[in-house]
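Worth saying up front: this structure is predicted, and the values here are computed from it rather than measured.
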Amino acid sequence: MYIVGRVTKVNKRQVLLETDVDIDLRLFQRLSNGKQPSVGVNLNDQRLITADQRNKFWALIGDYCEYTGFVPSEAEDYFKTMYEMLRDGRKISLSVQEPNAASVEEATELIQLVIDFMFEQEIPFKTANWDWIRGDYAVEINCLMHRECIVCGAQHCDIAHYETVGSGRNRHHVDHRDYHFMALCRKHHIEQHTKGLPTFCEEHQIKPVKMTAEQLIKVGLMTKSKILKFDREKQDEQAAYKILDNKNYG
């Protein structure tokens with residue numbers, strides 16, 4: 001059931017809503033199947049696309065067109081149509097004067113769509129554009145998935161740990177879900193070791209990120225069987241602590 005309304009009060013984890021229609025409590029109870037009713041709050045972004053976002057979009061389109069030979073208007077229509085298909089027919093305009101002007105949130109999604117596409121198709125970014133997108137979380141993940149250096153965009157690079165994990169056999173006996181990573185070419189990987197991690201990350205404005213289990217499997221750092229093994233070990237450890245606590249305080 002979808003109900004539209006307005007937020008009238010917010011207090012940390014409590015949100016008071018005024019709906020456009022009366023709510024039938026019995027319907028709520030029936031839909032929740034006798035359990036505590038749960039709802040989600042979708043806040044509509046009423047801010048309009050910014051000049052900075054338009055500049056970023058057109059900068060990326062410039063890189064795309066230079067590599068593919070398309071003209072900017074064709075590229076714009078292509079990505080806006082792709083966005084429309086992903087958003088169930090939602091048409092957006094880059095002009096704030098249009099009635100269907102993109103919101104800040106929608107413009108962010110459109111820009112990310114272009115970035116993801118360029119990564120997938122291995123379309124190079126110009127240095128100036130690379131500098132302003134590389135601190136984005138999704139870009140860092142894309143670099144790891146495609147093994148492209150987060151600093152310079154070079155391909156076939158290393159996946160570097162932020163935290164120390166040791167070498168040799170030790171690397172095969174750690175749960176990589178607990179670690180942060182960044183993709184670095186050989187040149188920048190050596191620079192990272194020479195300068196030290198904090199200095200290196202600060203100079204290049206890098207924020208190492210964690211990967212999901214699926215992403216770790218995709219890049220070859222873990223296998224499904226190893227993940228299941230670590231999960232079983234954690235469950236056994238928690239069960240042992242629980243038994244110990246019961247003996248001490250039971």
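Without hydrogens or angle criteria, Gln215 side chain to Thr212 main chain gives a donor-acceptor distance under 3.5 Å. Between the side chain of Thr8 and the backbone N or O of Leu16 there is at least one donor-acceptor pair closer than 3.5 Å. Checking side-chain atoms of Gln121 against main-chain N and O of Met118 turns up no donor-acceptor pair under 3.5 Å. Checked by atom type and distance alone, the side chain of Glu148 never pairs as donor or acceptor with a backbone atom of Cys157 at under 3.5 Å.
At least one side-chain heavy atom of Ile111 sits less than 4.5 Å from a side-chain heavy atom of Leu60. No side-chain heavy atom of Glu18 sits under 4.5 Å from any side-chain heavy atom of Val7. At a threshold of 4.5 Å between non-hydrogen side-chain atoms, the residues Gln205 and Val151 do not count as touching. Using a 4.5 Å heavy-atom threshold, the side chains of Met82 and Phe117 count as touching. A 4.5 Å side-chain heavy-atom check between Glu66 and Lys126 finds at least one atom pair inside the cut-off. Contact annotation: the side chain of Val15 never approaches that of Lys9 to less than 4.5 Å [non-hydrogen atoms, C-beta and beyond]. Put simply, the side chain of Tyr83 reaches to within 4.5 Å of the side chain of Glu106, judged on heavy atoms. Contact of the Leu110 side chain with the Leu94 side chain is registered, since non-hydrogen atoms from C-beta on lie closer than 4.5 Å.
Under the 4.0 Å criterion applied to side-chain N and carboxylate O atoms, Asp236 and Arg232 are not assigned as salt-bridge partners. With salt bridges taken as basic N to acidic carboxylate O contacts below 4.0 Å, none links Arg47 and Glu105. A salt bridge is defined here as a Lys NZ or Arg NE, NH1 or NH2 lying under 4.0 Å from an Asp or Glu carboxylate O, and Glu203 with Lys195 meets this definition.
In Glu233, the CD atom is crowded: over 12 heavy atoms of neighbouring residues, nucleotides or ligands sit closer than 6.0 Å. Atom CZ of Phe70 has 12 or fewer heavy atoms from other residues, nucleotides or ligands within 6.0 Å.
Residues Tyr162 and Leu221 fall into different hydrophobic clusters, defined by Ile, Leu, Val, Met, Phe, Trp and Tyr side chains chained together at heavy-atom separations under 4.5 Å. Tracing side-chain contacts under 4.5 Å through hydrophobic residues (I, L, V, M, F, W, Y), one reaches Phe119 starting from Ile123; they form part of the same cluster. Leu17 is connected to Val10 through a chain of hydrophobic side-chain contacts under 4.5 Å among Ile, Leu, Val, Met, Phe, Trp and Tyr, so both are in one cluster. Taking hydrophobic clusters as Ile, Leu, Val, Met, Phe, Trp and Tyr residues chained together by side-chain heavy-atom distances below 4.5 Å, Leu86 shares a cluster with Ile92. Tracing side-chain contacts under 4.5 Å through hydrophobic residues (I, L, V, M, F, W, Y), one never reaches Ile206 starting from Met211; they form parts of separate clusters.
Defined by atom type and a distance below 3.5 Å, a donor-acceptor pair is present between the side-chain atoms of Trp132 and Asn129. In this model, a donor atom of one side chain and an acceptor atom of the other lie less than 3.5 Å apart for Glu191 and His204. For the residue pair Ser93/Ser95, the side-chain donor-acceptor check at 3.5 Å is not satisfied. Defined by atom type and a distance below 3.5 Å, a donor-acceptor pair is missing between the side-chain atoms of Ser103 and Gln46. For the residue pair His161 / His176, a side-chain donor-acceptor distance below 3.5 Å is found, with atom types taken as modelled. No hydrogens or angles considered: a donor-acceptor pair under 3.5 Å links the side chains of Asp116 and Gln112.
Rounded to the nearest 0.5 Å, atoms CD1 (Ile150) and CG (Leu184) are 8.5 Å apart. Taking SG from Cys149 and CD from Gln155, the interatomic distance works out to 11.5 Å, rounded to the nearest 0.5 Å. Between the CZ atom of Arg147 and the CG atom of Asp158 there is a distance of 7.5 Å, given to the nearest 0.5 Å. Between the CD1 atom in Ile61 and the NZ atom in Lys56 there is a gap of 15.0 Å [rounded to 0.5 Å]. Atoms CD and CG, on Gln97 and Leu48 in that order, are 9.5 Å from each other to the nearest 0.5 Å. Expressed to the nearest 0.5 Å, how far CG of Asn142 lies from NE2 of His146 amounts to 6.0 Å.
Across all non-hydrogen atoms, the minimal contact from Ala160 to Gln192 is CB-OE1, 4.1 Å. Between Thr19 and Arg6, the closest heavy-atom pair is O-NH2, 4.3 Å. The two residues Cys143 and Ala183 come nearest to each other via the heavy atoms O-CB, 3.7 Å.
Between His180 and the choices Lys210, Glu163, Lys207, the side-chain hydrogen bond (donor to acceptor under 3.5 Å, both in side chains) rule is met once, by Glu163. Residue Asp175 forms a side-chain hydrogen bond (donor to acceptor under 3.5 Å, both in side chains) with just one option from Lys229, Lys234, Lys226, and that option is Lys234.
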Using atom types as modelled, flag every donor-acceptor pair under 3.5 Å from a side chain in residues 72-79 to any protein atom, sequence neighbours excluded.
| residue | atom | partner | partner atom | Å |
| --- | --- | --- | --- | --- |
| Glu74 | OE1 | Val71 | N | 3.2 |
| Glu76 | OE2 | Lys80 | NZ | 3.2 |

Task: Candidate pair Lys187 and Cys152, rule side chain to side chain contact (heavy atoms under 4.5 Å, CB included), full reasoning - done: CA-CA 10 Å; Lys187 171 188 172 183; Cys152 65; over 6 Å; no
TODO: Begin with the C-alpha distance, continue with both residues' side-chain angles, and end with the deciding distance and a verdict on side chain to side chain contact (heavy atoms under 4.5 Å, CB included) for Asp231 and Arg177.
DONE: CA-CA 11 Å; Asp231 287 343; Arg177 290 174 294 179; 2.8 Å; yes
- [ ] Report the C-alpha distance between Ile141 and Val139 in whole Å, list the side-chain angles of each, state the deciding distance to 0.1 Å, and finish with yes or no for side chain to side chain contact (heavy atoms under 4.5 Å, CB included).
- [x] CA-CA 5 Å; Ile141 289 294; Val139 171; over 6 Å; no
- [ ] Under the side chain to side chain contact (heavy atoms under 4.5 Å, CB included) rule, what do Ile217 and Glu214 come out as? Steps first, then yes or no, please.
- [x] CA-CA 5 Å; Ile217 292 172; Glu214 292 77 12; 5.7 Å; no
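Ring geometry for Phe125 versus Trp130: interplanar angle of 30 to 60°, hence tilted.
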